[in-house]
Every structure is written in C-alpha cells, then in structure tokens.
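Here the structure is laid out as structure tokens; the discussion comes afterwards.
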Amino acid sequence: PLAAAPVWADTVAPPAGEAMHQNANAKAPPMTEAEFTRGKQIYFERCAGCHGVLRKGATGKALTPDITLARGTEYLKTFIKYGSPAGMPNWGTSGEFNDQQVELMARYVQQEPPTPPEFGMQDMLATWKVQVPVDKRPRRKENQLDISNLFSVTLRDAGEIALIDGHSKQIVSVIKTGYAVHISRLSKSGRYLYVIGRDGKINLVDLWMAKPDSVAEIRIGLEARSVETSKYRGYDDKLAVAGAYWPPQYVIMDGASLKPLKIVGTRGMTVDNEYHPEPRVASIVASHYKPEFVVNAKETGKIMMVDYSDLANLKTTTIDAAKFLHDGGFDASGRYFMVAANASNKVAVVDTKLDKLAALVDVGKTPHPGRGANFTDPQYGPVWATSHLGDDSISLVGTDPEKHKAQAWKVVRTLKGQGGGSLFIKTHPQSANLWVDTVFNPDAKLSQSVAVFDIKHLDKGFSMLPIGEWSGLSDGAKRVLQPEFNKAGDEVWFSVWSAKDKQSAIVVVDDKTRKLKAVIKDPRLVTPTGKFNVYNTQHDIY
Ligand code: DHE
C-alpha cells in the first residue's frame with residue numbers, strides 16, 4: 001500500500017558512499033539521509049497519528065530516543081511487525097510494510113524526531129482555490145438524488161471519496177480529496193459536504209450540483225483529522241472549522257468558500273499545568289445551544305468552547321478535562337458532548353448549555369467511540385456507549401441527569417464484546433441492535449466480523465456476524481469496520497477494508513433480520529473505511 005520507493009532506500013546496507021544522516025544522538029543506529037527521508041515519510045503516513053509528530057505519545061506510546069534506544073532495534077521490529085492487542089497495528093503481518101520497511105522504521109524511531117515547519121495564513125491562502133464561486137452555484141437542487149440518504153465513503157488510500165446512493169447502492173460520483181482522506185461532515189442545511197485529508201486538505205462538495213463535485217479547497221496545516229460546520233440557529237452553512245495535528249492549531253473559515261478567517265494555536269499547558277509543544281486538535285463538534293465550536297486539544301486535555309459570533313474579539317471558555325482527548329459525540333438530547341480521553345481511560349462529559357464539565361467517567365482501556373451509540377437501557381434509561389481499543393469491554397454511561405439522576409455520568413453496565421481493537425460502535429433510534437466492530441484485533445477472525453447485541457436483552461451477550469465472509473472477497477487481510485446506518489435506520493453498512501491493490505467492498509445488513517442485504521463491489525471502491533450518511537451526520541443521529 002505504500003508508494004514504491006527506490007529499493008535501496010529500504011535496504012539495511014545502503015550503497016557505499018551514500019550521504020549519512022547527521023543525527024544528534026550518536027547512540028542511534030546509523031541511517032543514510034535517503035533512508036531517513038523515507039522513514040520520515042512513512043512515519044508521517046502511518047505512525048504520527050497515534051504517536052505524535054514530536055513522538056511524545058498520545059493514543060500510541062511515546063517514541064522519543066530516550067525510550068526507543070533502550071528498547072533496541074530487534075524489540076522494535078517485533079512490535080512493528082506483529083502489533084499488540086492494545087491497539088498497535090500489525091504493520092508487517094498485515095502486508096502494509098515489508099521486512100525492510102519494518103527494519104527501517106525500527107531504526108528511524110531511534111533517531112531524534114525532526115520538527116516540521118509552521119503553516120500560517122499566507123501558506124493557507126496560497127493553497128486556497130474556489131473552483132465554483134458562490135454566485136455560479138445552483139440556485140436549487142439540480143439532481144434527482146435523495147441527498148439526505150447519500151453516503152460519503154472515505155476511499156482512504158486513493159485520496160478520494162465515493163458518494164453512494166443509499167437507495168440504489170450505486171456510486172454517484174468519485175471525488176479527488178486530500179491524502180489518506182479521513183472524515184466527512186455536513187453543513188447545517190445538508191447541502192454542503194466537507195471532507196478532510198490527513199494532509200490538511202479540505203474539499204467542499206456541493207450536493208446540489210447535477211453531479212456533486214468539489215467547489216472549493218484549502219490546506220489548513222500539514223496534518224489534520226477534523227472538520228465541522230456552524231450549527232447554531234442563524235449560522236446555517238455560514239462557517240466551517242478544521243483542526244490540525246501539525247501545526248497544532250484550528251482554523252475558522254467561511255462556510256461557502258473556505259476562505260480562512262481566523263487561526264488559533266493550541267500550544268500551551270496541559271491539565272497538569274505542564275507545557276506541551278504539540279497539543280493536536282482532535283474531534284470538533286458544533287454546539288446546538290450557542291454559536292460555539294467544541295474543540296478538543298488532545299495532549300493538553302483541554303476542551304475549548306469557541307464562540308464564533310465575533311471572530312475579531314474571540315471568546316473562548318476552556319474546560320479542563322483529561323489528557324489525550326480524541327473522538328466523541330453528543331448524547332441523544334444533543335446537550336451533552338461525550339469525548340474519549342483515550343490513553344487516560346476516561347470519557348469527559350461537557351454540558352454545552354452551561355459550558356461546564358459535567359463529569360469525567362472512568363471507562364475501560366483506551367475508549368474509542370467514534371461518535372458513540374445512544375439508546376435506552378431497559379433497566380437504567382438513556383445511555384451513551386463506547387467500545388475500546390485496549391480491551392473487549394463496552395461501557396454504557398447514563399446520560400439523563402433529570403429522570404435518572406442516580407445513573408447519570410456513571411458506567412451503569414459493562415458488556416463483554418468479542419475482543420479488543422474496537423474502533424466503532426453504532427445504533428439508530430429506529431434500531432434494537434447495538435453494532436460493535438473489532439477492526440484492529442490481531443485475530444483475523446475477529447477483525448473480519450462484528451458483534452451485535454440486542455438492546456432489549458443486553459445480558460444475553462452478542463451474536464457474531466461474519467461480514468468479511470459475506471463480502472465474498474477471497475484473498476488478503478480484510479478488516480471490517482465502522483457500522484453506519486441509512487437514513488431510515490433499517491440498514492447498517494460495513495466497510496470491508498482490504499489493501500490498496502486488493503478488492504474491497506461494502507456489506508449492507510438488514511438491521512431487523514441481521515441478514516445480508518447487499519454487497520457493493522466496484523473497482524473504484526479502493527480501501528473504503530469511514531462512511532457518513534448525510535442525514536444522520538447532519539443531525540448527529542447515532
Ligand atoms: Fe480516525 C474519526 C484521528 C486512525 C477512521 N479519527 C477520527 C477523529 C480523530 C481521528 C481525531 C475524530 C474527528 C471528529 O469527530 O471531528 N484516526 C485518528 C488518528 O489520530 C489515528 C488514530 C491515527 C492516524 O494515523 O490517523 C486515526 N481513523 C484511523 C484509521 O486508521 C481509520 C480506522 C481508517 C482511516 O480511514 O484512516 C480511521 N477516524 C476514522 C473514522 C472516523 C474517525 C471512520 C469518523 C467516525 C465517525 O463515525 O464519525
């Protein structure tokens with residue numbers, strides 16, 4: 001899956017006379033400059049997301065030379081090749097790295113990490129393009145699509161999204177986006193789709209066009225993961241915001257053109273009052289109660305309620321939560337935002353009406369909810385649930401402080417799932433099922449199937465559905481991930497994510513009968529991962 005590199009760049013013994021990397025740490029195994037450059041690229045593509053550009057650790061462990069040198073090349077090779085049940089992917093045995101690349105990376109992480117450059121307003125403006133100006137765009141919807149039931153599907157390694165019609169299951173359009181594209185979000189009206197790549201490139205797609213396409217683009221940093229739009233009354237489709245991993249900053253843009261309006265850096269003190277040079281911006285959601293974005297800084301553990309009503313006099317309420325904030329979603333009422341502080345094994349609950357921390361809840365090991373799942377527990381009332389990367393548990397947290405006060409912000413029930421390595425959990429108001437993936441479990445049987453619980457009979461345990469097998473794909477490692485419902489809430493879609501050069505698929509399951517309904521296969525479906533149903537994403541339904 002990685003771009004082909006000159007063979008010698010990955011070999012242990014480079015040709016004589018190759019320039020060596022000048023490293024500050026004399027104890028690190030030597031590398032040529034070309035190897036270092038190659039390692040830097042692979043690190044950026046595959047490792048920085050979890051371990052940080054400066055390798056200070058977050059979702060993944062710290063990898064600074066003081067730690068990696070003590071581990072040594074052989075130990076690091078084993079870890080990189082085989083992964084760990086705690087969430088480190090098996091880069092070697094999955095076929096993503098060959099042995100030379102594993103060895104290269106084991107040496108690379110013993111070198112001092114290089115610091116990438118900053119990326120400010122002038123850099124952003126230089127990348128900003130409006131392909132179709134606002135006054136040249138359709139005045140009404142020019143296609144026959146039910147855009148509310150479209151799915152925006154991440155084609156990770158193609159750097160594209162596919163728009164798939166939820167009814168016909170046909171691909172409507174494939175749109176070029178940023179590198180290793182990550183998530184899609186919708187504007188308040190549901191007309192505009194915002195897609196962000198790991199390279200910080202945002203594409204704005206107009207779903208009203210005869211054939212939906214990108215109408216504007218910009219890069220907001222060198223590495224990024226999150227994008228969101230203004231949802232408060234009166235700000236429909238007005239503003240967008242994106243969070244960068246590097247440089248650590250968030251950017252507020254004009255919603256219709258992506259013109260950058262305001263950049264705010266996040267470097268500063270952690271909740272423990274220690275300085276952090278790389279507090280990356282993780283998830284961002286838009287408040288329904290105030291003109292505010294809820295911006296989560298991973299390493300500092302601070303949640304910023306950013307008031308977008310007056311960008312020149314920006315008011316921000318900063319909430320101390322817990323370190324390593326990552327992903328999350330609203331409770332069913334839309335008032336409370338539940339965000340995983342993953343390496344702290346906690347979920348922070350923010351009251352977006354009062355702009356206060358409602359609670360810090362201890363959950364299982366390394367919670368990873370995606371946006372989480374909201375449903376009514378037969379015994380304990382409304383709950384929001386998360387699964388975990390680091391263990392096989394599913395934590396159900398009470399979310400109704402009015403009618404179920406004793407249960408509010410407590411883990412009311414812990415379910416046993418089929419294994420660790422889970423990333424996403426999902427249900428729908430119309431569904432009686434709770435779907436849980438185990439995408440990064442090292443056991444192929446588990447990573448290729450999902451667990452489903454009956455919400456009315458949670459104590460009965462789960463059933464395992466062999467989604468990978470149902471896809472009918474034969475060769476190669478295939479990971480099954482991210483349940484996503486259609487608008488009606490009667491179908492649940494799963495990605496079957498194979499390597500870039502292998503066939504992938506989307507498997508659609510009938511939610512009521514739990515039987516296979518359709519398999520979407522198309523040569524254009526390269527490495528599908530996240531799927532975002534327009535209506536459910538627009539309205540925070542999960
Ligand atoms: Fe994601 C959401 C970061 C790896 C698929 N991912 C998020 C969010 C963040 C994030 C901060 C929340 C965005 C928001 O709500 O505003 N993801 C990271 C990483 O740092 C990490 C761990 C490592 C990396 O190198 O990027 C990472 N993510 C992955 C993957 O490997 C996944 C499984 C496949 C892929 O496409 O890259 C993946 N992440 C997703 C998906 C969501 C997501 C599908 C949105 C879930 C949703 O339902 O909203």
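Note that the structure is predicted; figures quoted are calculated from it, not measured. Whatever order the structure lists them in is the order used to number ligands and atoms, beginning at 1.
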Does this structure show an ion pair linking D199 with K201, if we count only N-O contacts that are shorter than 4.0 Å? no

Taking only non-hydrogen atoms of A282 and a 4.0 Å limit, the atoms of ligand 1 in range are 11 (C)

Mind checking whether H326 and H368 have ring centres under 6.0 Å apart? yes

Are D490 and Q430 side-chain neighbours, meaning at least one heavy-atom pair lies under 4.5 Å? no

Kindly indicate whether atom 22 (C) of ligand 1 is approached by any protein heavy atom to under 4.0 angstrom. yes

What protein heavy atom sits nearest atom 15 (O) of ligand 1, and how far away is it? R185 NH2, 2.9 Å

Mind checking how many protein N/O/S atoms fall short of 2.8 Å from atom 1 (Fe) of ligand 1? 1

If the contact criterion is a heavy-atom separation under 4.0 Å, does T59 count as touching ligand 1? no

Could R185 and E228 be called an ion pair, given the rule that one side-chain N must be under 4.0 Å from one carboxylate O? no

With side-chain hydrogen bond (donor to acceptor under 3.5 Å, both in side chains) as the test, would you mind laying out the steps for W493 and N533 before giving the verdict? CA-CA 10 Å; W493 294 32; N533 173 269; over 6 Å; no

Charged tip of R280 within 45° of Y245 ring normal and under 6.0 Å: yes

Classify the contact between F532 and ligand 1 as side chain, backbone, both or neither, using a heavy-atom distance cut-off of under 4.0 Å. side chain

Who passes side chain to side chain contact (heavy atoms under 4.5 Å, CB included) against C47, sequence neighbours left out? Y43, H51, M105

Is Y542 near ligand 1, meaning one of its heavy atoms is under 4.0 Å from it? no

Closest to atom 18 (C) of ligand 1 by heavy-atom distance, out of E228, Q482, K531, H326, is H326

Does D327 pair with R371 as a salt bridge, N-O distance under 4.0 Å? no

Going by heavy atoms in the side chains, are V361 and K346 under 4.5 Å from each other? no

Heavy-atom distance to atom 5 (C) of ligand 1: which of F44, Y245, F424 wins? F424

Between the candidates R156, E45, R198, which shows the shortest non-hydrogen contact distance to atom 29 (C) of ligand 1? R198

Grab the two heavy atoms, one from L222 and one from P116, that are nearest each other, plus how far apart they are. CD1-CB, 4.1 Å

Check each heavy atom of T529 against ligand 1 and say whether those closer than 4.0 Å belong to the side chain, the backbone, both or neither. side chain

With the threshold set at 4.0 Å, does a side-chain nitrogen-carboxylate oxygen contact exist between R335 and D351? yes

Give yes or no for whether the N/O distance cutoff of 3.5 Å, strictly under, is met between I284 and ligand 1. yes

Check for me whether K487 meets the cation-pi criterion with Y535, that is, NZ or CZ under 6.0 Å from the six-membered ring centre and within 45 degrees of the ring axis. yes

Could you check, using the six-membered ring where one of them is a Trp, whether F330 and Y336 have ring centers closer than 6.0 angstrom? no

Heavy-atom proximity to atom 12 (C) of ligand 1, picking from S283, G243, A48, S226, points to S283

Just to be sure I'm reading this right: ignoring hydrogens, which of K426, H368, R371, R46 gets closest to atom 49 (O) of ligand 1? Compare them by their nearest heavy atoms. R371

So is E484 touching ligand 1 or not, going by heavy atoms under 4.0 Å? no

